[in-house]
Visitor: 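Take a look at this one; I'll ask things after.
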Amino acid sequence: MAKRPRRSYSLESRVRRIILSDAGLAIPGSSADDVARAIRSRHREYQRYKLELFASVVRRAISSLPPPGDSCSDDSAPSSSRRRSSHDATSSSTTTHSQAPPSPAYDVTKSLLRSCYSSQTSKRDPDADQQLEMELAVEKALMRPDAQGGHGGQKRVMFADLGGMESVIELLMLEVVVPLCHPELPLHLGVRPVSGILLHGPPGCGKTTLAQAIADETGVPFYPTSATELVSGVSGGSEENIRTLFNKAYRTAPSIVFIDEIDAIASKRDDMQRGMERRVVTQLMTCMDEFHQNIPSDADDMEDDSQSYEKKPGYVIVIGATNRPDAVDQALRRPGRFDREIYLGVPDENARKLILERLTRKLRLPPKGQFDLLKIAKATPGFVGADLKALVDTAGSVAIKRFFNARKDKFLKEGNNLDYLKHPLDKHEVQRLSIIMDDFDSSTIIEKRRIFFCA
């Protein structure tokens, strides 16, 4: 006797069986997309299908469901159950015709038809538009500076806190700050503002701090991200992350998008081996083009509507930071994308003195006659802002070490066996503590040794 061939169910039939067997998948108001997501969340084997394709299969399965009360056409029922149901239906045909089947509490087919009809008759839902406006308002409020002046709880950084960058700050005030604070000026002249700025220089020269200062000075929503955060292991995920970032910035415009280490996703396409990396660079260029080409450049538009510049798409500027500008694709460095390239080099002696003045403003120092910042600036050639900040922190550590060494000698002279490190501090001892010039001399030697070994 030949074996009966195994029956193979199609994807649509399997989905139909799941819908009929699990009544909790469809809730009132759910559509085929909601049912598809519920099935994918409860049955992991269906997650390998794309959501759009799987939702179309679910839609066909729902449309082919039997009418309420007709259980004879259920594909999921076993053959014995079918025979039993057909026997019961034959034996009690009079009862079936005399009593109408109870209507189900929820009909998936009717809900699907209602959702399709509503989507066809009403292109835009006022409630959905109102919800979107509320979400954008909340998002824009969160991205704006808080009571302390920073974005998202970060410390506020202003141009006055940056030393040795006077020429760069003057350029940024005219090229970036003015168009962001007064967008009606470029519209009145009929010109386009700067669409992108590429900050490049050695590590630690202040590229990220400068971008944060621009956002805090203008008070616009700031979207800082690293290039590695935009890269996804899923095919097409990196491009979607870039589009999502620019969509958020565009909806809350005027705003600033800052991409740190941009060379990681914007390298030269000729040097790339994989097609995904080329698509990421192309997507970045496309977003920069399409989110700036909608900025009106015709001054006549303002004559048609006195408030047109308030209703037009806002101004979004992209700031990229890298220490390898030659690795960035040349198509991104053309006018219309990264219009300006600003080099933040190693500060000279005068610039280092200005940076030290900003860094030591809140330090407890001796009188000015006993402290010479110019001497420290001369002793630190080749130092950038991050190195000078580490120098100041190291000087503080040296001062604390000097304080506890003096405390240890005091405890030994008095014959005190208490732990001089953990014993409570005297208020007068703490008031006398300050960072002296000798602490900076020792810390300069320490930092030079660190830079030598790191190099």
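Note: hydrogens, waters and symmetry copies are ignored here, and every other heavy atom, side chains too, is used.
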Visitor: Would you find a donor on one side and an acceptor on the other, under 3.5 Å apart, between the side chain of Ser255 and the backbone of Val316?
Guide: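 Checked: no pair found.
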Visitor: Nearest 0.5 Å please: distance from the CG atom of Asp326 over to the OG atom of Ser267.
Guide: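 Asp326 CG to Ser267 OG: 11.5 Å, rounded to 0.5 Å.
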Visitor: Short question: side chain of Lys207, backbone of Asp260 - any donor-acceptor pair under 3.5 Å?
Guide: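 Such a contact is absent between Lys207 side chain and Asp260 backbone.
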Visitor: With rounding to the nearest 0.5 Å, note down the distance linking CZ in Arg324 to CG in Asp263.
Guide: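 Rounded to the nearest 0.5 Å, the CZ-CG separation comes out at 4.5 Å.
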Visitor: Using side-chain contact (heavy atoms from CB on, under 4.5 Å), reason through Arg156 and Asp161 one step at a time and then give a plain yes or no.
Guide: CA-CA 10 Å; Arg156 188 175 187 181; Asp161 300 327; over 6 Å; no
Visitor: So does Ala266 get a backbone contact from the side chain of Asp329, meaning a donor-acceptor N/O pair under 3.5 Å?
Guide: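 Between the backbone of Ala266 and the side chain of Asp329 there is no qualifying donor-acceptor contact (under 3.5 Å).
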Visitor: Any sub-3.5 Å donor-acceptor pair from Ser195's side-chain atoms to Arg337's backbone N or O?
Guide: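 Yes, Ser195 side chain to Arg337 backbone: donor-acceptor pair under 3.5 Å.
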Visitor: How long is the gap from CG on Leu162 to CG on Leu354, to the nearest 0.5 Å?
Guide: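 Going from the CG atom of Leu162 to the CG atom of Leu354 covers 11.5 Å.
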Visitor: First locate atom CD1 of Ile214, then atom CD1 of Ile317, and finally report the distance between them rounded to the nearest 0.5 Å.
Guide: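 Here the rounded value is 7.0 Å.
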Visitor: To the nearest 0.5 angstrom, please state how far the CD atom of Glu239 sits from the CG atom of Leu284.
Guide: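 Output value for this atom pair is 11.0 Å.
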Visitor: Tell me, do Glu261 and Thr228 make a side-chain contact under 4.5 Å, heavy atoms counted?
Guide: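 Not in contact.
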Visitor: Donor-acceptor pair, distance only, cut-off 3.5 Å: does the side chain of Thr218 make one with the backbone of Ala215?
Guide: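 A pair under 3.5 Å: yes.
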Visitor: Please verify the inter-ring angle class for Tyr343 with His200; under 30° counts as parallel, over 60° as perpendicular, anything in between as tilted.
Guide: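 The rings of Tyr343 and His200 sit tilted, inter-plane angle from 30° to 60°.
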Visitor: Testing Leu199, Val318, Ile319, Ile197 for side-chain contact (heavy atoms from CB on, under 4.5 Å) with Phe338, which one passes?
Guide: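 The residue from Leu199, Val318, Ile319, Ile197 that satisfies side-chain contact (heavy atoms from CB on, under 4.5 Å) with Phe338 turns out to be Val318.
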Visitor: Got a sec: does the CZ of Arg364 have more than 12 other heavy atoms crowding it under 6.0 Å?
Guide: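 Not more than 12 within 6.0 Å, no.
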Visitor: Is the ring pair Phe54/Tyr46 parallel, tilted or perpendicular, if the boundaries are 30 and 60 degrees?
Guide: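 The rings of Phe54 and Tyr46 sit tilted, inter-plane angle from 30° to 60°.
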Visitor: Would Leu391 and Leu359 count as a side-chain contact (heavy atoms from CB on, under 4.5 Å) here? Give the steps.
Guide: CA-CA 10 Å; Leu391 176 66; Leu359 293 176; over 6 Å; no
Visitor: Are there more than 12 heavy atoms of other residues, nucleotides or ligands under 6.0 Å from atom CE of Met173?
Guide: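 Count not over threshold, so no.
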Visitor: Write down the atom of Gly382, the atom of Asp387, and the distance for their closest heavy-atom approach.
Guide: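 That would be O-OD2, 4.3 Å.
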Visitor: Given side-chain contact (heavy atoms from CB on, under 4.5 Å), test Ser238 with Leu230 step by step and report yes or no.
Guide: CA-CA 6 Å; Ser238 303; Leu230 299 175; 5.9 Å; no
Visitor: side-chain contact (heavy atoms from CB on, under 4.5 Å), that's the test. Do Leu332 and Leu198 meet it? Break it down for me.
Guide: CA-CA 10 Å; Leu332 278 170; Leu198 183 63; over 6 Å; no
Visitor: If you measure from CG on Leu210 to CD1 on Ile342, what distance do you get to the nearest 0.5 Å?
Guide: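 It comes to 7.0 Å.
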Visitor: Suppose we screen for salt bridge (charged side-chain N to carboxylate O under 4.0 Å, His left out). Which residues come up paired with Glu357, at least two apart in sequence or across chains?
Guide: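 Once residues adjacent in sequence are excluded, the partners of Glu357 under the salt bridge (charged side-chain N to carboxylate O under 4.0 Å, His left out) criterion are Lys353.
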Visitor: Is any side-chain heavy atom of Val194 less than 4.5 Å from a side-chain heavy atom of Pro179?
Guide: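 A side-chain contact is absent here, since even the closest heavy-atom pair is not under 4.5 Å.
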Visitor: Is the backbone of Arg278 close enough, under 3.5 Å, to the side chain of Arg269 for a donor and an acceptor to pair up by distance?
Guide: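 Judged by distance alone, no pair lies under 3.5 Å.
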Visitor: Mark yes when over 12 heavy atoms from residues, nucleotides or ligands other than Glu341 sit less than 6.0 Å from its CD; otherwise mark no.
Guide: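 Counting other residues, nucleotides and ligands, CD of Glu341 exceeds 12 neighbours.
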